[in-house]
Chemist: 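Have a look at the structure that comes next, please.
To find a chain, count down the sequence lines: A is the first, B the second, and so on, and within it residues start at 1. What you see is a predicted model, and the numbers here were worked out from it, not measured in a lab.
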2 protein chains.
Amino acid sequence: MANPALAGELRTAVMQAARRIRNQRGEVGLSDPQYTVLVWLTKKGSLTPGQLAELERIQPPSMTRTVNGLAELGLVAKDEHPTDGRQVVVSLTESGRAEVRETRRRRDAWLTKHIAAMTPDERATLASAVELLRRIAAS
Amino acid sequence: MANPALAGELRTAVMQAARRIRNQRGEVGLSDPQYTVLVWLTKKGSLTPGQLAELERIQPPSMTRTVNGLAELGLVAKDEHPTDGRQVVVSLTESGRAEVRETRRRRDAWLTKHIAAMTPDERATLASAVELLRRIAAS
DNA sequence: TATTGTTATACTCTATAACTATA
DNA sequence: TATAGTTATAGAGTATAACAATA
């Protein structure tokens with residue numbers, strides 16, 4: 001490889017950028033785990049707590065907690081599974097959908113400013129890097 | 001901007017990649033905050049708890065906790081400041097330096113595999129993106 | 001008085017172990 | 001018996017408020 005230090009540099013840069021973006025959450029927004037669950041539900045529709053736990057690679061009891069918090073806020077609904085009485089179906093409420101739109105707008109706004117200040121070449125680099133980061137994350 | 005969705009896509013990709021990298025920590029390694037403090041000390045030499053808290057953008061009591069944990073593990077030393085009795089000087093022990101080398105090797109190994117499987121163009125893209133992510137993180 | 005660091009306390013997210021209900 | 005989810009409990013990381021020591 002041309003640059004043997006690239007892995008370390010990439011790791012550091014990604015971790016620092018992630019922390020910076022996370023800190024941009026703002027005053028009263030949802031926590032990161034809460035927001036992430038809403039995004040999964042937006043993408044995939046209804047999911048069980050078990051499926052959500054697997055997607056987030058956390059243990060089921062942790063997801064129970066997160067989902068209960070969202071349910072108390074009225075952002076998700078917990079319903080019985082139609083055929084399997086053991087399962088619970090979690091889905092977004094209308095209020096939850098609105099929260100996703102609002103949070104996304106707020107979190108993106110800060111990044112959008114930075115990106116707008118970049119050159120077209122730099123934006124192209126980031127767009128390409130998005131694909132590569134996704135590949136790394138999905139592996 | 002050519003791609004108005006870029007901010008959202010970049011945010012998601014960075015957050016997912018960061019979580020994936022963090023999960024790669026392995027069985028018995030240091031926690032993320034602990035390791036990050038060791039890396040700062042490696043880069044900057046001795047630092048006070050206050051300086052470390054500012055670098056990590058956390059509150060001083062939280063850093064006290066992290067530093068104390070590292071001190072109990074024998075990875076850092078806490079010494080009196082030579083001229084200002086209020087301050088504490090935190091520095092790496094030899095054991096701490098070894099821990100940084102070992103942890104870095106372990107954490108980078110996984111990423112290195114992925115990067116090695118990429119094309120030269122893709123590696124060049126990531127190298128350029130590192131610069132841009134650093135700029136975002138530092139802002 | 002202002003600054004540096006710590007202690008006390010609490011909240012969030014995570015985990016493991018044990019339990020309930022259903023398949 | 002096995003599976004889905006929850007409850008009980010604990011540990012790590014963070015925060016704010018109050019305090020001690022020093023400048």
Side-chain angles (χ1 to χ4, degrees), chain A residues 15-16 18-41 46-73 75-91, chain B residues 15 18-20 22-40 46-73 75-91 103:
Chain A
M15 298 303 282
Q16 287 180 354
R19 187 171 334 157
R20 195 74 183 84
I21 291 169
R22 198 180 309 118
N23 285 346
Q24 212 54 33
R25 170 147 55 101
E27 352 28 80
V28 286
L30 296 172
S31 73
D32 210 62
Q34 286 176 322
Y35 178 59
T36 307
V37 164
L38 295 188
V39 171
W40 277 121
L41 294 173
S46 299
L47 292 168
T48 68
Q51 290 172 322
L52 285 165
E54 193 175 359
L55 286 167
E56 284 301 297
R57 297 174 194 261
I58 64 176
Q59 296 305 308
S62 304
M63 187 51 75
T64 292
R65 221 169 188 273
T66 300
V67 168
N68 283 346
L70 289 169
E72 279 172 22
L73 292 170
L75 302 177
V76 303
K78 295 172 71 172
D79 297 299
E80 296 176 2
H81 190 281
T83 63
D84 187 339
R86 298 171 301 181
Q87 297 190 42
V88 171
V89 178
V90 182
S91 56
Chain B
M15 298 305 280
R19 188 172 332 157
R20 194 75 183 83
R22 197 180 309 116
N23 286 346
Q24 211 57 32
R25 168 150 55 104
E27 2 13 270
V28 286
L30 296 172
S31 73
D32 210 64
Q34 287 176 322
Y35 178 59
T36 307
V37 163
L38 295 189
V39 171
W40 277 121
S46 299
L47 292 166
T48 66
Q51 289 172 321
L52 284 165
E54 192 175 0
L55 286 167
E56 284 302 297
R57 298 174 193 260
I58 63 177
Q59 296 305 308
S62 304
M63 186 51 74
T64 292
R65 219 166 191 274
T66 299
V67 167
N68 284 346
L70 290 169
E72 281 172 21
L73 292 170
L75 302 177
V76 303
K78 295 172 71 170
D79 297 298
E80 296 176 0
H81 190 281
T83 62
D84 186 340
R86 299 170 301 180
Q87 296 191 44
V88 171
V89 178
V90 182
S91 57
T103 302

Chemist: Nearest of D:dT6, D:dT16, C:dA15 to any side-chain atom of B:Gln59?
Modeler: D:dT16

Chemist: Return no unless some side-chain N or O of A:Ser62 is found under 4.0 Å from OP1 or OP2 of D:dT6.
Modeler: no

Chemist: In terms of side-chain heavy atoms of B:Asn68, which of C:dA23, D:dA15, C:dT7 is nearest?
Modeler: C:dT7

Chemist: Determine: side-chain N/O of A:Lys78 to OP1/OP2 of D:dT6, distance under 4.0 Å, yes or no.
Modeler: yes

Chemist: Counting side-chain heavy atoms from CB outward, which of C:dT22, C:dG5, D:dG13 is closest to B:Ser31?
Modeler: D:dG13

Chemist: Does A:Met63 or B:Thr64 map to a spot on DNA chain C nearer the 5' end, using the closest nucleotide for each?
Modeler: B:Thr64

Chemist: How long is the gap from CE on B:Met63 to CG on B:Leu47, to the nearest 0.5 Å?
Modeler: 9.5 Å

Chemist: Determine the sole option in B:Val37, B:Thr64, B:Thr36 for which the side-chain contact (heavy atoms from CB on, under 4.5 Å) test with B:Leu52 is passed.
Modeler: B:Val37

Chemist: Hey, does B:Pro49 reach any base, or is it just sugar-phosphate, or nothing, if we go heavy atoms under 4.0 Å?
Modeler: sugar-phosphate

Chemist: Is there a donor N/O on one and an acceptor N/O on the other, under 3.5 Å, for the side chain of A:Arg86 and the base of D:dG5?
Modeler: no

Chemist: Between D:dG5, C:dA15, D:dG13, which nucleotide gets closest to the side-chain atoms of B:Pro33?
Modeler: D:dG13

Chemist: May I have the distance from B:Gln34 (atom CD) to D:dA12 (atom P), rounded to whole angstrom?
Modeler: 9 Å

Chemist: Consider only side-chain N and O atoms of A:Gln51 and A:Trp40, and report whether a donor and an acceptor are under 3.5 Å apart.
Modeler: no

Chemist: Reckon A:Thr48 has a side-chain N or O less than 4.0 Å from the OP1 or OP2 of D:dG5?
Modeler: yes

Chemist: What's the closest nucleotide to the side chain of A:Pro61 if the choices are D:dA15, D:dG13, C:dT16?
Modeler: C:dT16

Chemist: Distance-only, no hydrogens or angles: does the B:Ser62 side chain make a donor-acceptor pair with backbone N or O of B:Ile58 under 3.5 Å?
Modeler: no

Chemist: Which nucleotide in the list C:dT7, C:dA15, D:dG5 gets nearest to the side chain of A:Ile58?
Modeler: C:dA15

Chemist: Classify the nucleic acid contact of A:Thr36 as base, sugar-phosphate or nothing, counting any heavy atom under 4.0 Å across all strands shown.
Modeler: nothing

